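Everything numeric here is computed off the predicted structure, so don't read it as measured data.
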Amino acid sequence: MARIAGVNIPTQKRVEIGLQSIYGIGPSKAHDLCEKLKIPAERRVHQLTDAEILKIREAIDQNYQVEDDLRRAISMNIKRLMDLGCYRGLRHRKGLPVRGQRTHTNARTRKGKAVAIAGKKK
């Protein structure tokens, strides 16, 4: 069982796919890591040696912000926007879409379940 950045990597998957189970590492970063460390694409996680796992762990620690550090940084950025009172911060505070989407008919994910208004129908 390979444990990298506090996450157990699935052993039966290819290395590129398994690395994506770490929060903050997507397809492109996983591919770059495998190329930089010269790990073949068809290699499975359980076939990795301890030295290769150590290389992967060190490369991730040095080059990428992942897991708790990334989550903390993202939440601090959102909190900063809310404290500033800028438009994006106000949208976060109100629980509305932040990036310019329409809210007249959609945005149910951000706004929550629709609430019926009594006496609206005419």
Side-chain angles (χ1 to χ4, degrees):
M1 177 74 61
R3 188 167 176 83
I4 300 171
V7 177
N8 292 332
I9 307 297
T11 54
Q12 296 301 319
K13 295 188 177 186
R14 290 185 14 243
V15 178
E16 273 187 33
I17 306 300
L19 285 174
Q20 293 178 37
S21 63
I22 299 171
Y23 182 79
I25 294 185
S28 61
K29 285 184 183 177
H31 182 74
D32 291 344
L33 266 171
C34 289
E35 275 191 358
K36 188 170 27 171
L37 300 175
K38 295 181 178 64
I39 296 173
E42 64 277 353
R43 202 88 162 284
R44 302 281 169 170
V45 174
H46 66 89
Q47 296 171 334
L48 290 175
T49 63
D50 291 336
E52 289 172 328
I53 292 173
L54 188 65
K55 278 185 193 175
I56 293 172
R57 195 175 293 141
E58 288 173 353
I60 288 174
D61 287 342
Q62 289 173 1
N63 302 325
Y64 301 112
Q65 197 175 26
V66 292
E67 286 297 322
D68 293 335
D69 295 334
L70 182 59
R71 284 192 180 96
R72 194 175 306 112
I74 290 170
S75 66
M76 290 301 292
N77 287 339
I78 292 171
K79 187 178 182 315
R80 180 182 54 83
L81 290 171
M82 291 184 343
D83 291 343
L84 283 174
C86 64
Y87 182 77
R88 279 175 61 199
L90 294 176
R91 302 296 282 187
H92 273 291
R93 205 181 296 165
K94 292 178 183 175
L96 293 169
V98 177
R99 297 186 177 176
Q101 296 92 332
R102 65 179 289 138
T103 57
H104 179 69
T105 55
N106 296 331
R108 291 276 51 116
T109 304
R110 285 288 294 186
K111 290 167 70 174
K113 191 159 172 56
V115 179
I117 300 169
K120 171 93 174 174
K121 191 175 179 183
K122 282 202 171 186

Pair Ile39-Ile56, side chain to side chain contact (heavy atoms under 4.5 Å, CB included): steps then yes or no:
CA-CA 10 Å; Ile39 296 173; Ile56 293 172; 3.6 Å; yes
For the atom pair [atom1] ([X]) and [atom2] ([Y]), what is the distance rounded to the nearest 0.5 Å?
X     : Y     : atom1 : atom2 : result
Lys29 : Lys36 : NZ    : NZ    : 11.0 Å
Gln65 : Glu67 : CD    : CD    : 11.5 Å
Leu90 : Leu84 : CG    : CG    : 10.0 Å

If I compare all heavy atoms of [X] with all of [Y], which pair ends up nearest, and what's the gap?
X      : Y     : value
Cys34  : Leu19 : SG-CD1, 4.3 Å
Lys111 : Leu96 : CG-CD2, 3.7 Å
Tyr23  : Ile74 : OH-CD1, 3.7 Å
Pro97  : Arg91 : O-NE, 3.0 Å
Gln20  : Ala30 : CG-CB, 4.1 Å
Ala2   : Val45 : CB-CG1, 3.9 Å

Under the salt bridge (charged side-chain N to carboxylate O under 4.0 Å, His left out) rule, collect the residues that match up with Arg93, sequence neighbours excluded.
none
Partners meeting salt bridge (charged side-chain N to carboxylate O under 4.0 Å, His left out) with Arg72 (sequence neighbours left out):
Asp69
Report, one line per pair, each donor and acceptor closer than 3.5 Å where one atom sits in a side chain of residues 100-107; sequence neighbours left out.
unit_1	atom_1	unit_2	atom_2	d
Gln101	OE1	Arg99	N	3.2
Arg102	NE	Thr105	OG1	3.3

Just distance, no hydrogens or angles: give the donor-acceptor pairs under 3.5 Å from side chains in residues 8-17, sequence neighbours left out.
unit_1	atom_1	unit_2	atom_2	d
Asn8	OD1	Arg3	NH1	2.9
Arg14	NE	Ala41	O	3.0
Glu16	OE2	His31	ND1	3.0

Give a yes or no on whether Leu81 and Val98 share a hydrophobic cluster (residues Ile, Leu, Val, Met, Phe, Trp, Tyr; joining criterion: side-chain heavy atoms under 4.5 Å apart).
no
Same apolar cluster (I L V M F W Y, side chains within < 4.5 Å links), Leu70/Ile4:
no
I'd like to know if Asp61 and Arg57 make a salt bridge, using a cut-off of under 4.0 Å between side-chain N and carboxylate O.
no
His92 vs Arg110 side-chain heavy atoms within contact, under 4.5 Å
yes
Whether over 12 other heavy atoms sit under 6.0 Å from Arg88 CZ
no
The criterion is side-chain contact (heavy atoms from CB on, under 4.5 Å); which residues satisfy it with Ala59, sequence neighbours excluded?
Leu33, Leu37, Asn63
Residues at least two apart in sequence or cross-chain that pass side-chain hydrogen bond (donor to acceptor under 3.5 Å, both in side chains) with Asn77, listed by chain then number, are none
